[in-house]
Amino acid sequence: MIIVGELINGTRAPVRAALDRRDADAIGDLARRQVAAGADYLDCNVGAVGAREVELMAWLVRTVGGAVDAPVCIDTASPAAMAAGLSEYAGDAPPLVNSVTLEGSRLEETLAALGGMHVRIVALAMTDAGVPESAQGRAEASLRLIDELTARGLAAADIFVDPVVTPLSVDPGGAQAACEAMRAIASARPECHLICGVSNVSFGLPERSLLNRVFLAQAVAAGLDSAILDPTDGPLRATLHAAEALAGRDAWCADYLRAY
């Protein structure tokens, strides 16, 4: 499982305060704790818009890069902020950018922001009409986007398809639709990765950690091989190890036993 640590996000109050103060020590500590807990990538989301987002993203990517060797996931809908973050990235492994969609000119604008740099891309199942409600609609949108990206030279192995997990509190069938879409995408394009923001499923509900754990197990069974989550959440990581073992993706339960 490829883990994208989700904690460096400006929508979280402590991170927002650290960004406002340009507190490199606080951001660096958060980066190191996530890497120590097993994060393969570190999400960088400044939670701002406009010129402020551009400036903050550049500072954040530079700061995270100075604290750890792990690659970043530049999380923004702004091509300008994406380009600013990429310009400060100095790691050896290709960074992840989140995200591209089939909305209007967003695909072309995002690809232009990459400037020819080797990156890995999160491809959201989203069109001009929004997120398709059905599993079939999400799978079809995802396959179209994969075809668009590979036609432009992106390697299928560098595409992380996100079927978009909607909150259970507002979309009772959303989790099931996402898992069904994952199965269809994995069958049609096994060379691509499948990713999602695990905690999205529990937004607005009590005992969020319980819902997150159960959904993660279901998603792994559906083919999820990458996840945006809190790597410092011990019970969530335990569930992940158990789910991968039960899904036949952990030979002789080696990772499960190592984690134990």
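The figures here come from the full heavy-atom set of this structure, side chains too, leaving out hydrogens, waters and symmetry mates.
Judged by distance alone, the side chain of Arg208 and the main-chain N or O of Ser199 form a donor-acceptor pair under 3.5 Å. Panel note: side chain Gln34, backbone Leu42; no donor-acceptor pair is recorded below 3.5 Å.
Atoms CG and CG, from Asn45 and Asn98 in turn, are 8.5 Å apart once rounded to the nearest 0.5 Å. The distance from the CG atom of Leu194 to the OG atom of Ser142 is 8.5 Å, given to the nearest 0.5 Å. Put simply, CZ on Phe215 and CG on Asn200 are 8.5 Å apart, with the number rounded to the nearest 0.5 Å. Going from atom CD1 of Ile8 over to atom CZ of Arg33 covers 9.5 Å, rounded to the nearest 0.5 Å. Note that the CD1 atom of Ile74 and the CD atom of Glu88 stand 10.0 Å from one another [nearest 0.5 Å]. The CE atom of Met82 sits 9.5 Å away from atom CG of Leu111, with the distance rounded to the nearest 0.5 Å.
Between Val122 and Ile195, the shortest heavy-atom contact is CG1-CG2, 4.1 Å. Taking both residues in full, the closest heavy atoms of Pro94 and Pro71 are given as O-CB, 4.0 Å, listed atom of the first, atom of the second, then distance. Residues Ser169 and Gly204 come closest through the heavy atom pair OG-CA, 4.3 Å. Nearest heavy atoms, Ala37 versus Pro231: CB-O, 3.3 Å. Across all their heavy atoms, Met117 and Tyr89 have their closest contact at CE-CD2, 3.7 Å. Taking all atoms of both residues into account, the shortest heavy-atom contact from Val220 to Arg249 is O-NH1, 3.0 Å.
Summarising the local packing, CD of Glu55 is surrounded by more than 12 heavy atoms from other residues, nucleotides or ligands at distances under 6.0 Å. By the neighbour-count criterion of 12 heavy atoms within 6.0 Å, atom CD of Glu191 is densely surrounded, having more than that number from other residues, nucleotides or ligands.
A 4.5 Å side-chain heavy-atom check between Glu103 and Thr127 finds every atom pair outside the cut-off. Contact of the Glu207 side chain with the Leu211 side chain is not registered, since no non-hydrogen atoms from C-beta on lie closer than 4.5 Å. Between Ser187 and Ile185, every side-chain heavy-atom pair lies at or beyond the 4.5 Å cut-off. Contact check for Leu216 versus Leu236: side-chain heavy atoms found under the 4.5 Å cut-off. The side-chain heavy atoms of Val4 and Leu229, taken from C-beta on, include no pair separated by under 4.5 Å. Pro235 is listed as a side-chain neighbour of Arg213, based on a closest heavy-atom distance under 4.5 Å. With contacts defined as side-chain heavy-atom distances shorter than 4.5 Å, the pair Val119/Leu86 qualifies. Looking only at side-chain heavy atoms (C-beta outward), Ile3 and Leu240 come within less than 4.5 Å of each other.
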Going through the checks in order, is the side-chain contact (heavy atoms from CB on, under 4.5 Å) test met by Arg22 and Leu56?
CA-CA 9 Å; Arg22 302 296 191 276; Leu56 279 174; 3.3 Å; yes
Could you go through the side-chain contact (heavy atoms from CB on, under 4.5 Å) check for Leu107 and Val100 one step at a time?
CA-CA 6 Å; Leu107 173 59; Val100 298; 4.2 Å; yes
Walk me through whether Arg144 and Leu102 qualify under side-chain contact (heavy atoms from CB on, under 4.5 Å).
CA-CA 8 Å; Arg144 282 175 51 205; Leu102 288 169; 3.7 Å; yes
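Met182 and Leu124 fall into different hydrophobic clusters, defined by Ile, Leu, Val, Met, Phe, Trp and Tyr side-chain heavy atoms under 4.5 Å apart, directly or through other members. Val201 and Phe203 fall into different hydrophobic clusters, where Ile, Leu, Val, Met, Phe, Trp and Tyr residues are linked whenever their side-chain heavy atoms come under 4.5 Å apart, directly or through other members. The cluster map of Ile, Leu, Val, Met, Phe, Trp and Tyr, joined by side-chain heavy atoms under 4.5 Å apart, puts Leu30 and Val46 in the same cluster. Under the 4.5 Å side-chain heavy-atom criterion for grouping Ile, Leu, Val, Met, Phe, Trp and Tyr, Leu114 is not connected to Val54 through any hydrophobic cluster. When the side chains of ILVMFWY residues are joined at heavy-atom separations under 4.5 Å, either directly or via intervening members, Val198 and Ile228 end up in two distinct hydrophobic clusters.
Neither side chain, Asp255 nor His241, offers a donor N or O lying under 3.5 Å from an acceptor on the other. Side-chain contact check for Thr76 and Glu53: at least one donor-acceptor pair (N or O, by modelled atom type) lies under 3.5 Å. Between the side chains of Ser202 and Asn212, at least one donor-acceptor pair of N or O atoms lies under 3.5 Å. Between the side chains of Ser99 and Arg106, at least one donor-acceptor pair of N or O atoms lies under 3.5 Å.
Ion pairing between Arg32 and Asp69 fails under the 4.0 Å rule for side-chain N and carboxylate O. One finds no salt bridge joining Arg237 and Asp233 here, because no Lys/Arg side-chain nitrogen approaches an Asp/Glu carboxylate oxygen to under 4.0 Å.
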Please tabulate, for the side chains in residues 151-166, all donor-acceptor contacts under 3.5 angstrom to protein atoms that are two or more places apart in sequence or on a different chain.
from, atom 1, to, atom 2, distance (Å)
Arg152, NE, Glu108, OE2, 3.2
Arg152, NH1, Glu148, O, 3.0
Arg152, NH1, Glu148, OE1, 2.6
Arg152, NH2, Glu108, OE2, 2.3
Asp158, OD1, Arg120, NE, 3.2
Asp158, OD2, His118, NE2, 2.9
Asp162, OD1, Val164, N, 2.8
Thr166, OG1, Asp171, OD2, 2.7

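The side chain to side chain contact (heavy atoms under 4.5 Å, CB included) test with Tyr41 singles out one residue from Val72, Val35, Leu96, and that residue is Leu96.
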